[in-house]
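These numbers come from a predicted model, not from an experiment.
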Amino acid sequence: MEVSATLLLLGWVALATYAQTVTGFAFGLILMAGVVLSGLAPVSLVAILISILSLFNCSLALYRNLGNLDWEIIVFCSLSGFATLIFGVWTLELLSGSYVHWLQLILGLAIIISSLMLIVNPLPTKTRSGRLSFLFFGGLSGFMGGMFSTSGPPLVFHFYRQPLTLAVIRDCLLLIFAINSLQRLIIVGVQGQLNLNILGLAATAVPIVMLFTWLGRRYPPPLSERSLRRVAFLLLFASGLSLCVSALLKA
């Protein structure tokens with residue numbers, strides 16, 4: 001990757017990190033949409049980069065902070081997520097060749113649906129959902145994680161409907177995302193897709209992630225949480241729509 005392309009990619013990493021810090025979501029979605037729209041790298045490479053950075057972020061956030069975990073939920077979501085994650089990685093490989101425009105269309109639709117899900121504030125139910133629901137949403141999350149390394153939206157939507165404390169929701173999601181990222185990295189590593197170029201790019205991006213995480217916490221924009229969500233929604237929706245239009249023009 002040329003220096004100019006690398007700098008632009010790191011710019012997307014910075015924007016995605018800052019957005020994630022001030023809104024609590026959308027790192028992978030913004031990074032994936034921005035890089036693919038810019039034509040900087042294929043979906044498969046960006047997905048690996050997101051997995052590495054997400055694993056780093058989640059591990060850092062959970063370091064010495066494991067007291068709020070609900071292990072039953074984590075096990076069910078992680079097991080079903082692993083099965084569908086493998087299918088998601090296989091689907092990505094299948095579409096990355098001659099069907100790349102269909103891959104871009106699916107990515108655009110996934111980002112549009114995710115943007116709609118992420119602006120909804122679901123009211124908590126009085127009783128916790130059954131195990132099958134966690135298996136289902138864990139599986140859906142795993143498939144998205146396998147294809148695009150963006151496993152967040154389905155689980156975020158489902159978890160915030162549960163009668164759980166915010167601390168339990170936050171830490172359970174972080175650990176599930178970390179497990180999902182680790183599983184994906186193991187799969188692509190066995191396939192031989194991890195190389196020194198990708199690892200070097202990830203190592204270069206880590207300081208950017210740390211810096212813009214700090215900036216997001218220290219200097220958040222002077223907007224309400226509702227306004228921030230609207231800005232993130234518009235950014236994601238516009239990115240997803242652009243990807244869909246571009247894919248249809250190529251078809």
Side-chain angles (χ1 to χ4, degrees), residues 5-58 60-61 92 103-120 141 144-157 173-174 177-178 180-181 184 201-202 204-217 219-221 223 225-247:
T6 301
L7 291 176
L8 184 55
L9 188 148
L10 293 177
W12 281 112
V13 170
L15 176 61
T17 302
Y18 187 82
Q20 167 92 356
T21 303
V22 299
T23 64
F25 58 84
F27 173 81
L29 292 170
I30 291 176
L31 182 55
M32 178 66 76
V35 174
V36 173
L37 274 175
S38 304
L40 297 175
V43 173
S44 56
L45 186 147
V46 185
I48 295 174
L49 179 62
I50 292 173
S51 293
I52 295 173
L53 296 179
S54 295
L55 180 59
F56 172 79
N57 267 352
C58 293
L60 193 63
L92 174 61
L103 177 62
Q104 187 172 323
L105 178 62
I106 294 171
L107 173 59
L109 290 173
I111 290 175
I112 290 174
I113 295 171
S114 297
S115 69
L116 294 172
M117 292 176 68
L118 290 171
I119 63 168
V120 174
S141 175
M144 286 190 63
M147 280 201 72
F148 307 120
S149 202
T150 55
S151 58
L155 281 183
V156 170
F157 178 80
L173 286 174
L174 284 171
F177 295 158
N180 185 284
S181 296
R184 195 181 193 286
L201 185 60
T204 304
V206 164
I208 302 295
V209 171
M210 296 176 67
L211 172 61
F212 279 85
T213 297
W214 177 81
L215 288 174
R217 291 173 180 170
Y219 303 105
L223 298 172
E225 181 180 350
R226 187 175 182 182
S227 296
L228 285 172
R229 283 180 172 269
R230 286 178 176 174
V231 171
F233 161 72
L234 290 173
L235 178 61
L236 288 172
F237 188 86
S239 300
L241 187 61
S242 298
L243 285 168
C244 288
V245 172
S246 175

Participant: When rounded to the nearest 0.5 angstrom, what is the spacing between CD1 in Ile113 and CZ in Phe157?
Facilitator: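 Between Ile113 CD1 and Phe157 CZ, I get 12.5 Å after rounding to 0.5 Å.
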Participant: Determine the minimum heavy-atom distance between Val22 and Pro221, stating which atoms define it.
Facilitator: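 Looking at all heavy atoms of both residues, the shortest contact is CG1-CD, 3.7 Å.
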Participant: Taking all heavy atoms of Leu243 and all of Gly108, pick out the closest pair and write down the distance.
Facilitator: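 Smallest interatomic distance, heavy atoms only, reads CB-CA, 3.9 Å.
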Participant: Got a sec, which residues hit ring pair (Phe, Tyr, Trp, His ring centres under 6.0 Å) with Phe212, two or more places apart in sequence or on another chain?
Facilitator: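 Partners of Phe212 by the ring pair (Phe, Tyr, Trp, His ring centres under 6.0 Å) criterion come out as none, since no residue qualifies.
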Participant: Are the side chains of Phe27 and Tyr18 in contact, using a 4.5 Å heavy-atom criterion?
Facilitator: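 No; the side chains remain at least 4.5 Å from each other.
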Participant: Are any of the side-chain heavy atoms of Phe148 and Ile50 separated by less than 4.5 Å?
Facilitator: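 Contact flag for Phe148/Ile50 side chains = no.
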Participant: What's the separation between atom CD1 in Ile111 and atom CG in Leu241, rounded to the nearest 0.5 Å?
Facilitator: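 The CG atom of Leu241 is 11.0 Å from CD1 of Ile111, to the nearest 0.5 Å.
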Participant: Nearest 0.5 Å, what's the CG-CD1 distance between Leu236 and Ile30?
Facilitator: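 Answer rounded to 0.5 Å: 5.0 Å.
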Participant: Considering only heavy atoms from C-beta outward, does the side chain of Leu103 approach that of Met147 to under 4.5 Å?
Facilitator: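 Yes, their side chains come closer than 4.5 Å.
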Participant: Here's a test for you: under side-chain hydrogen bond (donor to acceptor under 3.5 Å, both in side chains), which of Ser149, Ser151, Ser181 qualifies with Ser51?
Facilitator: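 Exactly one pass, corresponding to Ser149.
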Participant: Which heavy atom in Gln104 sits nearest to a heavy atom in Ala247, and how many Å separate them?
Facilitator: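 So the two residues come closest at NE2-N, 3.7 Å.
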Participant: In Å, rounded to the nearest 0.5 Å, how long is the span from CG of Leu53 to CG of Leu201?
Facilitator: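 Rounded to the nearest 0.5 Å, the CG-CG separation comes to 8.0 Å.
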Participant: Would you check if Ser114 and Thr150 make a side-chain contact, meaning some heavy-atom pair closer than 4.5 Å?
Facilitator: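 The answer is no, as the side chains (C-beta and beyond) never meet within the 4.5 Å cut-off.
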Participant: To the nearest 0.5 angstrom, please state how far the CG atom of Leu215 sits from the OG1 atom of Thr17.
Facilitator: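 Here the rounded value is 10.5 Å.
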Participant: Over all heavy atoms of both residues, which pair between Met144 and Ala110 is shortest? Give the atoms and the distance, please.
Facilitator: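 Where Met144 meets Ala110 most closely, the heavy atoms are CE-CB, 4.4 Å.
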Participant: Let me check something: any side-chain donor-acceptor pairs from residues 38-46 under 3.5 Å, sequence neighbours excluded? List them with distances.
Facilitator:
| residue | atom | partner | partner atom | Å |
| --- | --- | --- | --- | --- |
| Ser38 | OG | Trp12 | NE1 | 3.1 |
| Ser38 | OG | Gly34 | O | 2.7 |

Participant: Quick one: are Leu29 and Pro153 in side-chain contact, heavy atoms under 4.5 Å?
Facilitator: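 The answer is yes; the side chains approach within 4.5 Å.
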Participant: Within the structure provided, determine whether Leu109 and Cys244 are in side-chain contact (heavy-atom separation under 4.5 Å).
Facilitator: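 Yes - at least one pair of side-chain heavy atoms lies under 4.5 Å apart.
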Participant: Can you tell me how far the CD1 atom of Ile52 sits from the CG atom of Leu55, to the nearest 0.5 Å?
Facilitator: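 Answer for the CD1-CG pair, Ile52 versus Leu55, is 8.5 Å.
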Participant: Got Phe177 and Leu155 here, is their nearest side-chain heavy-atom distance under 4.5 Å?
Facilitator: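 The answer is yes; the side chains approach within 4.5 Å.
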